[in-house]
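Working notes, beginning with the structure itself.
In each ligand, atom 1 is the first atom listed, and ligand 1 is the first ligand listed.
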Amino acid sequence: MPPLADVNETYTDIITTVFSSTIAAKAWLATAALAFVVVQLVTAARIYGRLSFLPERGATIASVHRWSGRTAFLLTLPVFFHCVTILGFQTPGARVAIHSLAGTFVYGVFAAKVLIVRDRSLPGWTLPVAGLSLASTLVVIWLTSSLWYFTNVRFGF
Ligand code: HEM
């Protein structure tokens, strides 16, 4: 296992080929993930018959739902990696503490959602509750990191 400083340097080298800094990259990757979470919410609402402006419930909407979910998950991975290996769990104030806590739970909630969606024997309410918990966790993570960065530090790539 290479020392943490080397991991951080390699991560920064790769990320700064595209973005100005690791923080900017993480803020934008998390924002892209959030955009796919919105797609998730809209397609789920359509599947549950709550929206009527999208195509009928069927193969297309289900596939958009699945692929937006997978994409959102993949986009969070490099961000999570940096948070956990380089920054770690920090509690200097409410915002960062809430962020660290929500970040710690997010893949647990994700795993629960993925297991629930495959288990047809569970009551009908479990899936929307799991899906909304996952989306809410990601929204909290985004509000306490990306939004804070864009509004307090810098809005740019
Ligand atoms: C999918 C999960 C996560 C996402 C999408 C995410 C996203 C972000 C983003 C966009 C930032 C701002 C960029 C930066 O300051 O480097 C950030 C910062 C941070 N993250 Fe995460 N994070 C996640 C999980 C975690 C976890 C699990 C922890 C703790 C164990 C954590 C701890 C931190 C800390 C301490 C900061 C610095 C906050 C500050 O000082 O402003 N994050 N995160």
(request) Please work out whether the ring planes of Tyr11 and His82 are parallel, tilted or perpendicular, with thresholds of 30° and 60°. (result) tilted
(message) Consider side-chain contact (heavy atoms from CB on, under 4.5 Å). Of Leu143, Leu147, Val139, which one does Leu34 pass it with?
(response) Val139
(request) Would you mind listing every side-chain hydrogen bond (donor to acceptor under 3.5 Å, both in side chains) that reaches into residues 126-137, with sequence neighbours excluded? (result) none
(message) Would you call the rings of Phe19 and Phe157 parallel, tilted or perpendicular, taking 30° and 60° as the class edges?
(response) tilted
(request) Could you please provide the protein residues found below 4.0 Å of ligand 1 on a heavy-atom basis, arranged by chain and number? (result) Ile23, Lys26, Ala27, Ala30, Thr76, Val79, Phe80, Cys83, Val84, Leu87, Gly88, Phe89, Gln90, Arg95, Val96, His99, Ser100, Gly103, Thr104, Val106, Tyr107, Ile141, Ser145, Ser146, Trp148
Name the atoms and distances for all side-chain donor-acceptor pairs under 3.5 Å in residues 102-117, with sequence neighbours left out.
{"from": "Thr104", "atom 1": "OG1", "to": "Ser100", "atom 2": "O", "distance (Å)": "2.6"}
{"from": "Tyr107", "atom 1": "OH", "to": "Thr76", "atom 2": "OG1", "distance (Å)": "2.7"}

(message) My understanding is that only residues two or more places apart in sequence, or in another chain, count here; which of them pass side chain to side chain donor-acceptor pair (under 3.5 Å) with Ser20?
(response) Arg154
